[in-house]
Amino acid sequence: MTRDIEVKIVLLNESASPGTLHVPVSFDFQQDPSDLDFRLTVNCGQVFRWRELDDGGLAGVDGDNWWHVSVSGENVRVSGNGTQDQFRKLFRMDQDWAAHRSAVIAKAPELAPMMGLLPGLRLMDSSDPVEVLFSFLCSSNNHLPRIKAMVASMALLGAPLGVVQGELFHRFPNVERIAELTESELREKGFGYRAATIPVAAKQIVEMGGSPWLKALKSVPYHRARSELLELAGVGPKLADCICLFGLGHTEAVPVDTHVWQVAARLWFPEFKNASLTTRRYAQIAEALQSRLGTLAGWAHQFLFYENLLNWRGRS
DNA sequence: TAGGGACCTGCC
DNA sequence: GCAGGTCCCT
């Protein structure tokens, strides 16, 4: 691993988030793709700003850092402006995921087939809950390509971080900047009815203390964090759980969306077959996973979600 | 409480 | 018609 001097440059652009630029570093390591598959992990709907490059690599942003990942068999080369520890944290590389896999299969054997189809799907740990929150605010009643376009559009408002293969990557804007947006400008940019809720939610967060308030929800119990998030405009049970799981490290959270709903009805609740997703039934499904898997429930849920998403066309 | 409909926009 | 829903109203 090489580690060059860090140069801190505070950007003076008032309209953008303050950020830091570092001299790029790179490091190499060995990684079994069936334990951690970077391509799968950044494409399975936890994050919306990673893209595949012409050289076959992956590039994306997390918080103040941009990353460029190149995988060749078990050899991985990472370039970026952050530390190796930050990269390892993003992909939760310090945990024993083979053991986690065995634990999930032991307690919920019916999940084994789906886990087998998606080897290397890892739960990420974003360092910017603000980006997670507003990304998922864009996701309601929406599809992936448009969600990505909307998140990319918001990201243009943030400070420039670095250039990868000729493409400029931005830090996600801070809540204060998002709170300045107007409904009409967001509607012009194609946000649809979410244009109304995004600035309102941002103002609510600023009112309560901004990003520090949101980050503080990492260290309160999951149910407390969830109920606080539910007070925000446009945030219902599903989004609150996504924010808890992907942005706040509450890994017992189980977001129940249309895909998880379908799988759950097939697997555990046949009586839900022609029913609607109510608060009560939502809780029953989440509880079914949480009671058996505890803090591994959120990771396990990801297999239900993504396997169903990939194969939804093939089902009735 | 459960069920139903509206809501932006774009792709199947 | 339907998307990784939420909100409002019977």
Side-chain angles (χ1 to χ4, degrees), chain A residues 40-50 114 118 121 123-124 126 131-154 181-202 204-205 226-247 253-266 269 271-287 289 297-316:
Chain A
L40 172 60
T41 297
V42 302
N43 282 322
C44 69
Q46 307 181 45
V47 291
F48 302 93
R49 282 215 288 152
W50 282 70
M114 282 172 268
L118 302 168
L121 193 169
L123 183 66
M124 293 179 74
S126 167
E131 171 160 356
V132 174
L133 193 153
F134 288 97
S135 295
F136 279 97
L137 218 36
C138 295
S139 76
S140 69
N141 192 20
N142 207 350
H143 50 253
L144 217 41
R146 191 154 83 111
I147 297 167
K148 284 183 177 175
M150 288 162 68
V151 175
S153 160
M154 288 189 84
L181 296 170
T182 63
E183 173 173 354
S184 56
E185 68 182 299
L186 284 170
R187 280 197 180 264
E188 283 169 20
K189 289 179 180 175
F191 281 73
Y193 60 82
R194 301 159 201 84
T197 49
I198 287 170
V200 173
Q204 284 179 286
I205 295 169
R226 187 179 193 272
S227 64
E228 298 265 351
L229 292 170
L230 286 172
E231 298 299 315
L232 299 174
V235 178
K238 192 269 179 181
L239 295 201
D241 278 324
C242 284
I243 298 158
C244 279
L245 180 60
F246 302 126
V254 176
V256 180
D257 53 52
T258 162
H259 296 288
V260 174
W261 169 248
Q262 286 175 26
V263 180
R266 242 180 2 249
F269 300 96
E271 68 273 25
F272 291 175
K273 181 68 180 174
N274 292 309
S276 60
L277 178 50
T278 62
T279 306
R280 178 175 165 72
R281 292 199 266 261
Y282 185 114
Q284 289 181 68
I285 292 169
E287 175 68 18
L289 278 168
W299 178 54
H301 130 280
Q302 200 62 211
F303 291 88
L304 302 189
F305 162 70
Y306 198 57
E307 191 276 335
N308 193 260
L309 175 64
L310 291 179
N311 298 312
W312 71 276
R313 283 170 212 282
R315 307 189 197 285
S316 56

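All values below come from the heavy atoms of this structure, side chains included, with hydrogens, waters and symmetry mates left out. This is a predicted model, so every value here is computed, not measured. Chain letters run A, B, ... following the sequence lines, proteins first, then strands; residues in each count from 1.
For A/R49, the salt bridge (Lys or Arg N to Asp or Glu O under 4.0 Å) criterion is met by A/E131, not counting sequence neighbours. The salt bridge (Lys or Arg N to Asp or Glu O under 4.0 Å) test applied to A/E185 returns no partner, not counting sequence neighbours. Residues passing the salt bridge (Lys or Arg N to Asp or Glu O under 4.0 Å) test with A/R226 are A/D241, sequence neighbours excluded.
Note on A/P145: nothing from the nucleic acid sits closer than 4.0 angstrom, heavy atoms only. Base contact: A/L144 has a heavy atom under 4.0 Å from a base atom. Within 4.0 Å of A/C44, counting heavy atoms only, lies at least one base atom of the nucleic acid. No engagement by A/Q302 is indicated, since no non-hydrogen atom pair under 4.0 Å with the nucleic acid exists. Contacts of A/V260 with the nucleic acid, taken as non-hydrogen atoms under 4.0 Å apart, are absent.
Between the A/Y282 side chain and the A/V256 main chain, a donor and an acceptor come within less than 3.5 Å of each other. Formation of a donor-acceptor pair under 3.5 Å by the A/Q46 side chain with backbone atoms of A/M124 is found in this model. Of the possible polar contacts, none joining the A/W261 side chain to the A/S276 backbone as a donor-acceptor pair under 3.5 Å is found. Counting only distance, with no hydrogens or angles, the side chain of A/R146 and the backbone of A/G190 share a donor-acceptor pair below 3.5 Å. A donor-acceptor pair is defined here as one N or O able to donate and one able to accept, closer than 3.5 Å; no such pair exists between the side chain of A/E231 and the backbone of A/Q204. Put simply, the side chain of A/N308 never gets that close to the backbone of A/L304: no donor and acceptor are under 3.5 Å apart.
Spacing of C1' atoms, B/dA2 relative to C/dG4, comes out at 23 Å, to the nearest Å. A distance of about 16 Å separates the P atoms of C/dC9 and B/dC8, rounded to the whole Å. Taking atom P on both nucleotides, B/dT1 is separated from C/dG5 by 24 Å, rounded to a whole Å.
Ranking B/dG10, C/dG5, C/dG4 by closeness to the A/S140 side chain, first place goes to C/dG5. Nearest to the side chain of A/R187, among B/dG3, B/dC8, C/dG4, sits B/dC8.
Residues A/F48 and A/F134 keep their aromatic ring centres 6.0 Å or farther apart.
A/I198 has its CD1 atom 13 Å from the P atom of B/dT9, to the nearest Å. Between A/F48 atom CZ and C/dG4 atom P there is a gap of 10 Å when expressed in whole angstrom units. Straight-line distance from the CG atom of A/N311 to the P atom of C/dG4: 14 Å, rounded to whole Å. Rounded to whole angstrom, the span from the NZ atom of A/K148 across to the C1' atom of B/dG10 amounts to 16 Å. Protein atom CH2 of A/W261 is 18 Å distant from nucleotide atom C1' of C/dA3, rounded to whole Å. One can place CE of A/M150 at 17 Å from P of C/dA3, the figure rounded to the nearest angstrom. Rounded to whole angstrom, the span from the OH atom of A/Y282 across to the P atom of B/dT1 amounts to 18 Å. If you take CG of A/N141 and P of C/dG4, they are 9 Å apart, rounded to a whole angstrom.
Nearest-nucleotide positions on DNA chain C for A/G234 and A/I147 put A/I147 closer to the 5' end. Comparing A/L277 and A/G192 along DNA chain B, the residue whose closest nucleotide (by nearest heavy atom) sits nearer the 5' end is A/L277. If A/V47 and A/A233 are placed on DNA chain C by their nearest nucleotide, the residue sitting closer to the 5' end is A/V47.
Considering only side-chain N and O atoms, A/R194 lies nowhere under 4.0 angstrom from the phosphate OP1 or OP2 of B/dC7. For B/dC11, the OP1/OP2 oxygens have no side-chain nitrogen or oxygen of A/H143 closer than 4.0 Å.
Using cut-offs of 30° and 60° on the angle between ring planes, the pair A/F305 and A/H301 is parallel.
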List every contact pair, protein side and nucleotides 8-10 of chain C side both N or O, where the distance is under 3.5 Å.
none

Check the interface with nucleotides 4-6 of chain B: list each N/O to N/O pair with the protein under 3.5 Å, or write none.
none

Pair pattern of DNA chain B in dot-bracket, where unpaired bases get dots and | marks partners in another strand, Watson-Crick or G-U under 3.5 angstrom: .||||||.|||.
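Geometrically, A/R281 does not engage A/F269 in a cation-pi contact, judged by NZ or CZ lying under 6.0 Å from the ring centre and within 45° of the ring axis.
In terms of polar N and O atoms assigned as donor or acceptor, the side chain of A/Y193 comes within less than 3.5 Å of the base of C/dG5 in a complementary pairing. Taking 3.5 Å as the limit, the base of C/dG5 and the side chain of A/K238 contain no donor-acceptor pair of atoms between them.
Contact between A/F191 and A/I198 at its shortest, heavy atoms only, is CD2-CD1, 3.6 Å.
Looking at heavy atoms from C-beta onward, A/L239 lies out of side-chain contact with A/L232 at the 4.5 angstrom threshold.
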